[in-house]
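The next block holds one structure in the form of structure tokens; read it before the comments.
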Amino acid sequence: MASCASVFPVVPWENPILWRCKGRGEPHQTKIPRLIDLCVNNMSSSIAIHRFVAQNSLHSSPFPLGSDSLETEVKFRTAFSHMRTLESPVIYDPITVQDEPADFPWFGYDHSLILPGKTLERIFREDTPWMTRFDDLLNVRESLGLARKKYNALRRRQVKAETEAWERAAKEYKELERVMLEKKLAPNLPYVKSLFLGWFEPLRSAIEKDLKLEKAKRHKAAYAHHLSLLPADKLAVIVMHKMMGLLMMGQEEGCVRVVQAAIHIGEAVESEVRIHGYVEKTKKRGNRVCQDIIFTKEQQKRRKLVMKLIKMKKLVDVQKLLKEEIDMEPWGRDAQAKLGTRLIELLIESAFVQPPINQLGDSSPDILPAFRHILKTVSVEDGKLKNKYGVIECHPLVHMGLGSTARLIVIPYLPMLIPPKKWKGYNKGGHLFLPSYVMRTHGAKDQQNAIKSVPKRQLNKVFEALDTLGSTKWRVNRRILEVVEAIWSEGGGVAGLVGREDIPIQEKPGLEDSMEIKKWRWNARKAKKANNEMHAQRCDTELKLSVARKMQDEEGFYYPHNLDFRGRAYPMHSHLNHLSSDLCRGILEFAEGRQLGKSGLCWLKIHLANIYGGGVEKLSYDARLTFVENHLNNIFDSAMNPVDGKRWWMNAEDPFQCLAACINLSDALTSSSPHSMISYLPIHQDGSCNGLQHYAALGRDSLEAAAVNLVAQEKPADVYSGIAARVYEIVKKDSQKDPASDPNASLAKILVDQVDRKLVKQTVMTSVYGVTYVGAREQIKRRLIEKGKITDDRLLFRVSCYAAKVTLNALGEMFQAARSIMKWLGDCAKIIASENQPVTWTTPLGLPVVQPYRNSERHLIRTSLQVLALKRDGCLVAAKQQKTAFPPNFVHSLDGSHMMMTAISCRNSGLKFAGVHDSFWTHACDVNRMNQILREQFVELYNIPILENLLESFETSFPTLTFPPLPQRGDFDLRKVLESPYFFN
């Protein structure tokens, strides 16, 4: 490896370090260069800067070239090469040398520099005179300086976004109040913002007053201490925004359960207290050290001080210090609920609305409560009240503005402007300041303890995969966003967008016909339910668009990822992300573009055919390419006139993703050099019923492997069509029977003409993930409702029941090996649960998994508003859930492992990667390489004796229990997956 003297700029020397010379008795004091550890993609237009590059090798070397080599007291790794005069060896600081690409904060991840000529064609050039590169060196130094300034500016914005969101909102309301008082005129504000402004000052004053009263009391309320941890104005903003957000997304129209609202508000306050406390401590110290380091040092100091004060018998001071120590621990549900309930109560007492003047007539203006606390009935049996629960109900004037609330409410966990912190522990990684946890445990202590107790090195691959997913840079596709905004402003209702108008409810008939009234009530109830669902969908769309509007002018942004308890990765931002709906996926694209190339253009066309759907995605690759060629006129029209043209793209199964592909392909084909066009579009490769693929690999069954494309075929096998054909065969046979002797005959006659691939697809897809008979029935019922041929609800229910039974039986016939493995997993779980133990296992990447299912206990707490019943895990495991959930959870942990293995390997190969469980994304030009990688990683995963290891772990953990033997498996050769073109396609 040659010296890098000709590449990087001169920087000041570091502190002297003691070296011990070989063969010399005295230590030698010298100065060594710092190291830049960068990992950057190597592209033709922007050159890759690799790791271990000396930053200041231009200085004359202290090492005499003719003398013996030097060895450091600490073991520095040194790379020597053919060095010329004035060139020194590259010295690696053992603290910074890592096996993965290192985090270089001011430069960013995988960020390429556009450098003159071919200066950095190879970083470690042999026999390269540094003097001939001096001009290039200055240019590099200038580029790095600009990159550092840009990164620092983005980092400052990110810190403000995470730490000052609530504070900025509070300042805005204060400023609006000031202007209103000065001009004695209400500002012209959006409706919901005017509501917030009217509530802000009374609520802030009420919080301050309540806090003063509590301070004066000898026996303080349980919430009093937590109420004092944030300024009143910030608390007021949190309560208003959280309450409106919950009402906006609530299941019940215009109301939210007290227990849900209280805990959400309590959690938000606790999170902000931690951020607020850390920021204040950081300001005092005048530095930006890590929160974990600060807490550790603080705790150490406190413990020493506590011991000292105990010896001095200053017990009052000890109590104060211990109280502060406790504040750093999680508050718990009880404390959150009590604080949240009190803040809700203060909001109810402080927030009012005033009807418009034209609604009041001659009467004086009336001020009405914006919110009220009421009790609702859960159920009534034999005319007696069975159960009640408390809700916060908003006034109709407040409900009227919920649809536009998304534009105004504070969303704390937005995508990040800079790469996320690398994961290094359970709560170390992700966002800079916002609380971030590597796993979403939802309070499950067993899982938290399991992941905290394993050695960090065991989780290195998991952390590495999450860092890879988080380092992918995204941006908003503005052309798609403009189309979405245009359709949304016209009322929606097309391209998968929900309509913005409610279904009208007919007036009650004046007739006394009981059947007509009963029918009207039924239809009115259905319409009201549909309107509630559409309202929630409209609010969800507004939230997604609100985030897209905020991010559309950013050059790029990042999604920190974490895991669910099974090991599946998810973005931590919940609204606008690539795991969400077609709307989100259409709006998002990679921030880094790459040339299409010949193969990339081909894959772009195949991707468009896949997204269009309608059965096209099940054709051979050649047939999909032909489909695109035959629809080029429609594709060009969609790209040029998406709203006013033929709207061909709206017929696609995923319309906005289809439109994005149309625009990308149109731009390529109309350019002078289609292969050279820069594409930012993620191209998907999806598994073929991926759950069954994993079962086929576990069972090594050749027939099942062929059914889910683990072997090469001329066109993709379609397991859904195969199941549909078998269901049709059974239903047709039943329809020919005598209804008098077989009650299913009449149902089969109604169903026979409606059996198709779409009817059974969802049930087949979820069967390996533990779908129950009831779940299958509801899935099929929804498909039958879409067809609209059965209008009688009772008949619809009966036909759905029959169809679900037939579909599940057909599945059992076709996938016997998979069923036997599912049964074995369930039997093992049942045996473990019989010992009152949760099922636990370790994924191939070293992630410990503990099933969180326990029988819940009701826990009553008295709050200032009402008695709340909180649920918490009991001492007994939920044996039935442990059994039924284990097979799907185990397979989910395997598909999560496959995705993470693929992510790491793609990163190591210089590919950009995004994953959605069993759908892997990269640039069009890199699809061939990613396809090779994901197949190799699948084979590598299943070369591990997974079931044998699982059984061994069970027997080790429960030596007194007897587990059933492993199910018999076939002789399918997994290496055939490497040659299967439709395994992922």
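What you are looking at is a predicted structure, and each value in this text was computed from that prediction instead of being measured.
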Original post:
Going from CG on Asn709 to CD on Gln693, what distance comes out if it is rounded to the nearest 0.5 angstrom?
Top reply: 7.0 Å

Original post:
NZ of Lys805: more than 12 outside heavy atoms within 6.0 angstrom?
Top reply: no

Original post:
Within a radius of less than 6.0 Å around CZ of Arg798, do more than 12 heavy atoms belonging to other residues, nucleotides or ligands occur?
Top reply: no

Original post:
Would Phe984 and Phe938 count as a close aromatic pair, with their ring centres under 6.0 Å?
Top reply: no

**OP:** Check each of Phe886, Phe954, Phe565 against Trp841 using the ring-ring contact (aromatic ring centres under 6.0 Å, His included) test, and report the only one that passes.
**Re:** Phe886

Subject >> Residue from Gln685, Lys618, Arg624, Glu617 passing side-chain hydrogen bond (donor to acceptor under 3.5 Å, both in side chains) with Asn985 >> reply: Arg624

Original post:
Between the side chains of Gln816 and Arg819, does any donor sit under 3.5 Å from an acceptor?
Top reply: no

Subject >> Residues Asp756, Lys758: salt bridge by 4.0 Å N-O rule >> reply: no

Original post:
Regarding Thr441 and Gln447, is there a side-chain donor-to-acceptor distance under 3.5 Å anywhere?
Top reply: no

Original post:
Hey, is Arg907 close enough to Asp467 for a salt bridge, meaning N to O under 4.0 Å?
Top reply: no

Original post:
Does atom NZ of Lys733 have more than 12 heavy-atom neighbours, drawn from other residues, nucleotides or ligands, at distances under 6.0 Å?
Top reply: no

Original post:
Is atom CD of Glu948 surrounded by more than 12 heavy atoms (other residues, nucleotides or ligands) closer than 6.0 Å?
Top reply: yes

Original post:
Taking atom types as modelled, is there a side-chain donor on Asn943 or Glu940 under 3.5 Å from an acceptor on the other?
Top reply: no

**OP:** Take the angle between the ring planes of Tyr426 and Tyr437 and call it parallel below 30°, perpendicular above 60°, tilted in between.
**Re:** tilted

**OP:** Could you point out which residue of Lys830, Gln837, Gln851 forms a side-chain hydrogen bond (donor to acceptor under 3.5 Å, both in side chains) with Gln882?
**Re:** Gln851

Original post:
Any side-chain donor-acceptor pair under 3.5 Å between Thr766 and Gln779?
Top reply: yes

**OP:** Identify which one of Thr807, Asp734, Asn744 satisfies the side-chain hydrogen bond (donor to acceptor under 3.5 Å, both in side chains) criterion when paired with Tyr802.
**Re:** Asp734

Subject >> Derivation of the ring-ring contact (aromatic ring centres under 6.0 Å, His included) call for His694 and Phe890 >> reply: CA-CA 10 Å; His694 285 278; Phe890 184 69; 10.0 Å; no

**OP:** List the steps and the verdict of ring-ring contact (aromatic ring centres under 6.0 Å, His included) for His578 and His561.
**Re:** CA-CA 12 Å; His578 56 288; His561 282 63; 5.7 Å; yes

Original post:
Would you say the side chains of Asn928 and Trp603 form a donor-acceptor pair under 3.5 Å?
Top reply: yes

**OP:** Considering only NZ, NE, NH1 and NH2 on the basic side and carboxylate oxygens on the acidic side, decide whether Arg585 and Asp654 come within less than 4.0 Å.
**Re:** no

Original post:
Ion pair present between Lys976 and Glu979, side-chain N to carboxylate O less than 4.0 angstrom?
Top reply: no

**OP:** Answer yes if the side chains of Gln937 and Thr902 hold a donor-acceptor pair under 3.5 Å, and no otherwise.
**Re:** no

